[in-house]
Number of protein chains: 2
Amino acid sequence: MSDTRTEILNLAEKLIRQRGYNAFSYKDISVPLQIKNAAVHYHFPSKADLGIAIIERTRIHFARDSKKWDQLAPLDQIKAFIGIYEANQAQRLRCFMGALGHSYETLPPAMQAVLAKASAEIRSWLEGALEKGKTSGAFGFKESAIEKADLIITSMLSSLILLPITKDDVLANVRNSILMSL
Amino acid sequence: MSDTRTEILNLAEKLIRQRGYNAFSYKDISVPLQIKNAAVHYHFPSKADLGIAIIERTRIHFARDSKKWDQLAPLDQIKAFIGIYEANQAQRLRCFMGALGHSYETLPPAMQAVLAKASAEIRSWLEGALEKGKTSGAFGFKESAIEKADLIITSMLSSLILLPITKDDVLANVRNSILMSL
DNA sequence: GTCTATACGCTGATAGAC
DNA sequence: GTCTATCAGCGTATAGAC
């Protein structure tokens, strides 16, 4: 894997998470990297190839991170998960699901497929973590683990979207609300 | 106000809420309406004018609806608010904040301004409704009203985004989780 | 691997006739 | 109000030289 390939991947991911898939172009990549349009196409023949590569890389990262978190105490697992969003907020970036999900219908089918897989993996990890905390007695929430997981994922995702609009720390509010409810 | 103008507004709103602001064009409007590109530009000289008109119309609708809801019992007010999202889900549409928020940075400044206003109005109405329910004893939640409001808005917004991806009724899960926590 | 050159449809937008 | 005609620029993508 060439250095250029990785640089393209890094920049494209940043652009997608700043502006969305439909609002960045090969030019936005080739100009800052000081290469030509055609060079980007050499590494990623179509825009969908680029999008898929980014999602796949994120899946690998999440699998690695969540595996590490499995050794933590239940509450720390959830805090680690929320930490992803806090890190994103610090960089003024959205999570990849918030960046791609909104335009799901306009995405190439191959991208839709990997995005759905990634979404299922994250959701199911979080559900499991909440379920374990509940049966161990660490958590006292009343609803089902999947209901709580959906509440956490959805509210975290939108917090990053609303930050630039409200200019308020929505994420901190949501985080507090969630941690109090576990 | 001509009929054509309203038809353009209606179709554009639907397109924005299905695909986002950057993924629809004047052609997507002129072809189905069987008029020419230039006719759309006559009613809305620039794309930003169209976007702003849609947001302003939504602000008016929300002001009217929320005013009506003020007469309801606290719990019914929140249920009415959640009802907006359930209606959207039934039509496979996103809420306008979920449709526009993700591309906030790429929006024309004039659109950013009205979107921020609309966001503040919704947030502040919901905060007020929660606050009143809390002081009247109808609600027993522990966090502040703005924290709860942010939790509700963010989780509702993303539920509509995640529906096509998970193919699961995320909104129902989130709704249940929220109602249990009030 | 990267370049030059190029294709070609779509984009938002305007001028001027009717 | 709506039309025809037209614009310059951008979008993704490809062919072929080096």
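Chain letters run A, B, ... following the sequence lines, proteins first, then strands; residues in each count from 1. These values consider heavy atoms only, across backbone and side chains, with no hydrogens, waters or symmetry-generated copies.
- A salt bridge is absent between A:Glu131 and A:Lys134; no separation between the charged side-chain nitrogens and carboxylate oxygens falls under 4.0 Å.
- No side-chain donor-acceptor contact under 3.5 Å links A:Asn22 and B:Arg19.
- Using a 4.0 Å cut-off, some side-chain N or O of B:Thr4 falls inside it from OP1 or OP2 of D:dT2.
- Ion pairing between B:Glu121 and B:Lys117 fails under the 4.0 Å rule for side-chain N and carboxylate O.
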- Note on the structure: Heavy-atom contacts, protein to nucleotides 10-18 of chain D, under 4.0 Å, summarised as B (base), S (sugar-phosphate only) or - (none) per nt, yield SSBBB----

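- When the P atom of D:dT2 is taken as reference, atom CD1 of B:Ile29 falls 14 Å away, rounded to whole Å.
- Here the side chain of A:Ser119 pairs no donor or acceptor atom with the backbone of A:Leu115 at under 3.5 angstrom.
- Scored by the side chain to side chain donor-acceptor pair (under 3.5 Å) test, A:Gln18 finds no partners at all (sequence neighbours excluded).
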